[in-house]
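Notes for the one structure printed next.
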Protein chains: 2
Amino acid sequence: MAELLRVQGYGATGVKQVAAAAQAPIGSIYHHFPGGKREIAAAVLRTTGAAYIQLVPLLLDPYDDLVAGVGAFFEAAADDMENTGWANMCPVGTVTGEVADSEPGIRAVAAEVIGSWVDDASAYLVGRGVADPDARAVVFAMLGSLEGAFILSRGLRSSEPLRAAGRAMAAYVATVPQGAPARS
Amino acid sequence: MAELLRVQGYGATGVKQVAAAAQAPIGSIYHHFPGGKREIAAAVLRTTGAAYIQLVPLLLDPYDDLVAGVGAFFEAAADDMENTGWANMCPVGTVTGEVADSEPGIRAVAAEVIGSWVDDASAYLVGRGVADPDARAVVFAMLGSLEGAFILSRGLRSSEPLRAAGRAMAAYVATVPQGAPARS
DNA sequence: GTCTATAAAGGGATAGAC
DNA sequence: GTCTATCCCTTTATAGAC
């Protein structure tokens, strides 16, 4: 269901479609997920969340200069979108926007995933020398900018919003005071 | 339908629900909008788009300092969200994310609306002394950051993402070279 | 142009044989 | 645990009287 949720969103994805994609009968789906569509979506959000947070150190570690790393992060996302034909990059963002006011349970799971992203990414930035209260603000700004640029780029079929967001966030991060990295 | 689309999104909003809210029978809806749900949604996006672009000069004109204006813009949005119980602020962003890969016609309309936003807001910034290529990038960064922060704030039920985005965008705009405003 | 009734299709979910 | 058939509801959209 992860792939379908990412491409089509929550409302447009049917359980029957999920069963077909998984080459499993519907009965089996409901046997393993008695909560039905909601439970499956929640599981997808948690799994995706855990996978995506690993990208942060993976993509930023190679850059000694955090500002350069941030710019490269957004450029990589822009390249990915172009190469995949403007596919959705993050199911968490789109599903959150879709169900935030209509599916309280799923919204709560999304909040949990986003919260853990912020905690983990903030800790990473602190390790790279960003002071503690600033780190959290930087993560919120970057994550919001990334999710918003994903939507604009998918809607416009253009990487311009994503690349503009990258330059803006790099310029912003450059204004945030940085101490020495905790580990070399 | 505008209100329902804003709160529930495209998929969760039914034509019957729209008819009930408009106190009109379904037949009348289809008489005026033969294209059905899609045509209504497209009309809503265009109307909303035209209305929202007017907010830019309205909210920024009072501030001689553009950086202060940008900060106030995001703070005002954050206050609005808190006061409305985390209601969705912009149907264009959520609907775009929802249907970008499943409803080509509506995606095209969304792209048109977003494109006109960028054109108009860029022209406004040029009038405030921001150089032409920079202005477009600033608008993309701000719009993306705003839309993304809307999603995060709605999901987390917290204005923290929106306020962090505002501080980040203010810091970014402060780094963009500005000439003298075209008109005092 | 307005409204009611209904068609046609698809959704989520379940029952129960195996 | 697996799978099939089916229930029940809602959806979009239309037909046709008024």
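Just so we're on the same page: letters track the sequence lines, and every chain starts at 1. For clarity, every value in this text was computed on a predicted model and none was experimentally measured.
- The separation between His31(B) atom NE2 and dA15(D) atom P is 15 Å, rounded to whole Å.
- Contact annotation for Gly14(A): backbone-only contact, meaning every heavy-atom pair under 4.0 Å involves sugar-phosphate atoms and none involves a base.
- Base engagement by Gly27(A) is indicated by at least one non-hydrogen atom pair under 4.0 Å involving a base atom.
- For the pair Tyr30(A) OH and dG11(C) P, the interatomic distance rounds to 11 Å; values are reported in whole Å.
- Taking atom CD1 on Ile29(A) and atom P on dC3(D), their separation rounds to 11 Å, with Å as the unit.
- With a 4.5 Å cut-off on side-chain heavy atoms, Val139(B) and Trp117(B) do not count as touching.
- Rounded to whole Å, the distance from CZ on Phe33(A) to P on dG1(D) is 13 Å.
- When atom types are taken as modelled, the side chain of Gln8(A) and the backbone of Ser102(B) share no donor-acceptor pair closer than 3.5 angstrom.
- Protein atom NZ of Lys37(B) is 15 Å distant from nucleotide atom P of dG10(C), rounded to whole Å.
- Under the 3.5 Å distance criterion, the side-chain polar atoms of Arg6(B) are matched with a main-chain donor or acceptor of Asn88(B).
- The CE atom of Met1(A) sits 12 Å away from the P atom of dG11(C) (whole-angstrom rounding).
- Side-chain contact between Leu156(A) and Trp86(A) is absent, with no heavy-atom pair separated by less than 4.5 Å.
- Taking the nucleotide of DNA chain C with the nearest heavy atom to each of Ile26(A) and Lys16(B), the more 5' of the two is matched to Lys16(B).
- With rounding to whole Å, Gln17(A) atom CD is found 17 Å from dA13(C) atom C1'.
- Going from atom CD of Gln8(A) over to atom C1' of dG10(C) covers 14 Å, rounded to whole Å.
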